[in-house]
Amino acid sequence: MGRGVTLRDVAARAGVSSRTVSNVVNGYAPVSEATRARVQQAVDELGYRPNVLARNLAAGRSGQIAVVVPYLDTPYFAELLQGIIRAARVQGYNVLIDQTDGDAEHERLFLSRGSQQLLFDGVIFSPLGLSQSDLAARDPVLPLVVLGERVSDGGFDHIGIDDVIASREATEHLLGLGRRRVAAIGDQPYRTGEAAQLRTRGFRLAHERAGVPVREELIISTPRFNRSDGATAMAHLLDLEEPPDAVFCYSDLVALGAMHTLAARGLRVPEDVAIVGYDDIEDGRYSNPSVTTVSPDKRMIAETAVERLLKRIGSSTPVPGLEIRAPHRLVVRESTVGRRAE
């Protein structure tokens, strides 16, 4: 029905100029709420659909954005990508996806001046191999939104949850259940392990607030946040003279791996060892037992990332960088309180 309907048709129906309709449809300029509502009603009644391809070509754009993540085999990123693709599609944008494996040189390519040859208008980026100084050395013209733990320098937007508070809450949950030998699996004490380090900070803070000493031998480092790392780390913990009675895992995949080892050793979750994960992936909801986890608002992260990137792409002047904190919550399931959680 929308074929053949033009800006002029919408303008005539709404009683405004074609430029005003363009401003409403594209978000180029502030318009009063009354005018916006009138234009939107005309758009809906006439079934108008903007010619996104023509708009992008006229503006010298490709109509594509890149989303760059470390790993595609990680459910957290897969679920986040689904939200980004949906949000971009609504705005008429296609999404190019790349996996970097955390390789710094590969990640640096997407921030260089040569990135314009890769046919995208901007990047939603979750870096793993790059440091804060690497981000500062990027092509300043490239529209950029960063996910994860990299603080904005004012030239890009950063979106993420508060890892320290979320990790503190997860650990406090375990301590509140009376567990006193709480382990942590996933620390990464090296240059690019910022997210893990923040989670360790929250783990320590919870102990400090509860007046419970941290047992240093129970903090286990891992190269990645995957199942095999969790399984290996849990085996090491169980071989200690005083093994833990609870574990805070830095991802749900780590938690699933830890639970696999516990089952293989004949131990029960949560009766013998309580487990908390991080990310609230679908696998954790359907595992047996289901996994208590830190749940980031992935939908909000995805939609806000697309919204902020397109604002940068569409602006003719520099857009100040924002630090955006996405909400999170602790979802309590069977791995800490048993089946009565259902």
Side-chain angles (χ1 to χ4, degrees), residues 1-67 80-97 115-116 119-125 140-147 152 154-159 297-327:
M1 177 180 175
R3 290 182 179 178
V5 178
T6 67
L7 279 176
R8 288 185 179 181
D9 297 327
V10 176
R13 174 69 66 92
V16 298
S17 68
S18 295
R19 179 174 292 277
T20 297
V21 175
S22 178
N23 287 338
V24 170
V25 171
N26 298 303
Y28 288 155
V31 177
S32 72
E33 284 304 315
T35 300
R36 183 181 301 279
R38 198 160 67 249
V39 170
Q40 188 60 54
Q41 182 178 354
V43 166
D44 294 340
E45 289 175 353
L46 295 174
Y48 172 72
R49 296 293 179 268
N51 189 330
V52 176
L53 177 60
R55 185 179 69 193
N56 286 329
L57 289 174
R61 302 179 194 135
S62 68
Q64 301 187 114
I65 61 174
V67 181
L80 189 64
L81 281 167
Q82 288 181 346
I84 291 174
I85 291 169
R86 291 190 189 105
R89 185 179 295 151
V90 168
Q91 300 298 325
Y93 269 80
N94 294 321
V95 176
L96 304 175
I97 300 170
S115 64
Q116 295 175 356
L119 300 178
F120 52 78
D121 300 325
V123 183
I124 297 173
F125 195 19
V141 177
L142 177 69
L144 176 66
V145 172
V146 174
L147 308 180
S152 173
F156 60 84
D157 296 307
H158 168 243
I159 306 170
D297 190 338
K298 292 189 280 285
R299 178 175 177 177
M300 181 271 190
I301 293 171
E303 292 178 353
T304 303
V306 171
E307 176 188 338
R308 292 299 301 175
L309 185 65
L310 297 189
K311 183 177 182 64
R312 290 185 168 278
I313 292 171
S315 177
S316 59
T317 58
V319 176
L322 296 181
E323 281 289 334
I324 301 171
R325 286 295 184 193

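Because only heavy atoms are used, hydrogens play no part in the values below, and waters and symmetry mates are left out as well, while side chains stay in. Position 1 is the first residue of the sequence; numbering continues from there. On a predicted model such as this, the values are computed, not experimentally measured, just so you know.
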- Item | Heavy-atom neighbours of Arg325 CZ exceed 12 at 6.0 Å | yes
- Message: For Arg38, is the CZ atom crowded, meaning more than 12 foreign heavy atoms sit under 6.0 Å from it?
- Response: yes
Could you check whether any side-chain heavy atom of [X] comes within less than 4.5 Å of a side-chain heavy atom of [Y], counting everything from C-beta outward?
{"X": "Ile313", "Y": "Tyr93", "result": "yes"}
{"X": "Leu80", "Y": "Leu147", "result": "yes"}
{"X": "Val39", "Y": "Arg36", "result": "no"}
{"X": "Phe120", "Y": "Leu142", "result": "yes"}

- Task: Kindly indicate, with the supporting measurements, whether the criterion side-chain contact (heavy atoms from CB on, under 4.5 Å) is fulfilled by Val306 and Arg86.
- Result: CA-CA 10 Å; Val306 171; Arg86 291 190 189 105; over 6 Å; no
Taking all non-hydrogen atoms of both residues into account, name the closest pair between [X] and [Y] and its distance.
{"X": "Val145", "Y": "Ala305", "answer": "CG2-O, 3.8 Å"}
{"X": "Gly83", "Y": "Ala302", "answer": "C-CB, 3.5 Å"}
{"X": "Phe156", "Y": "Leu144", "answer": "CB-O, 3.2 Å"}

- Task: Please check if the side chain of Asp121 supplies one atom and the backbone of Ile65 the other of a donor-acceptor pair under 3.5 Å.
- Result: no
- Message: Using modelled atom types and a 3.5 Å cut-off, is there a donor and acceptor pairing between side-chain atoms of Thr304 and backbone atoms of Met300?
- Response: yes
- Item | Electrostatic pair Arg312-Asp157, nearest N-O below 4.0 angstrom | yes
- Verify side-chain contact (heavy atoms from CB on, under 4.5 Å) between Val43 and Gln40, making sure each step is shown before the conclusion. CA-CA 5 Å; Val43 166; Gln40 188 60 54; 4.0 Å; yes
- How many angstroms lie between CD1 in Ile159 and CG in Asp297, if you round to the nearest 0.5 Å? 11.5 Å
- Query: How many angstroms lie between atom NE2 of His158 and atom CZ of Arg308, to the nearest 0.5 angstrom?
  - Reply: 13.5 Å
- Task: Any chance you could lay out the side-chain contact (heavy atoms from CB on, under 4.5 Å) test for Ile97 and Ile85, step after step, and finish with the verdict?
- Result: CA-CA 10 Å; Ile97 300 170; Ile85 291 169; 4.0 Å; yes
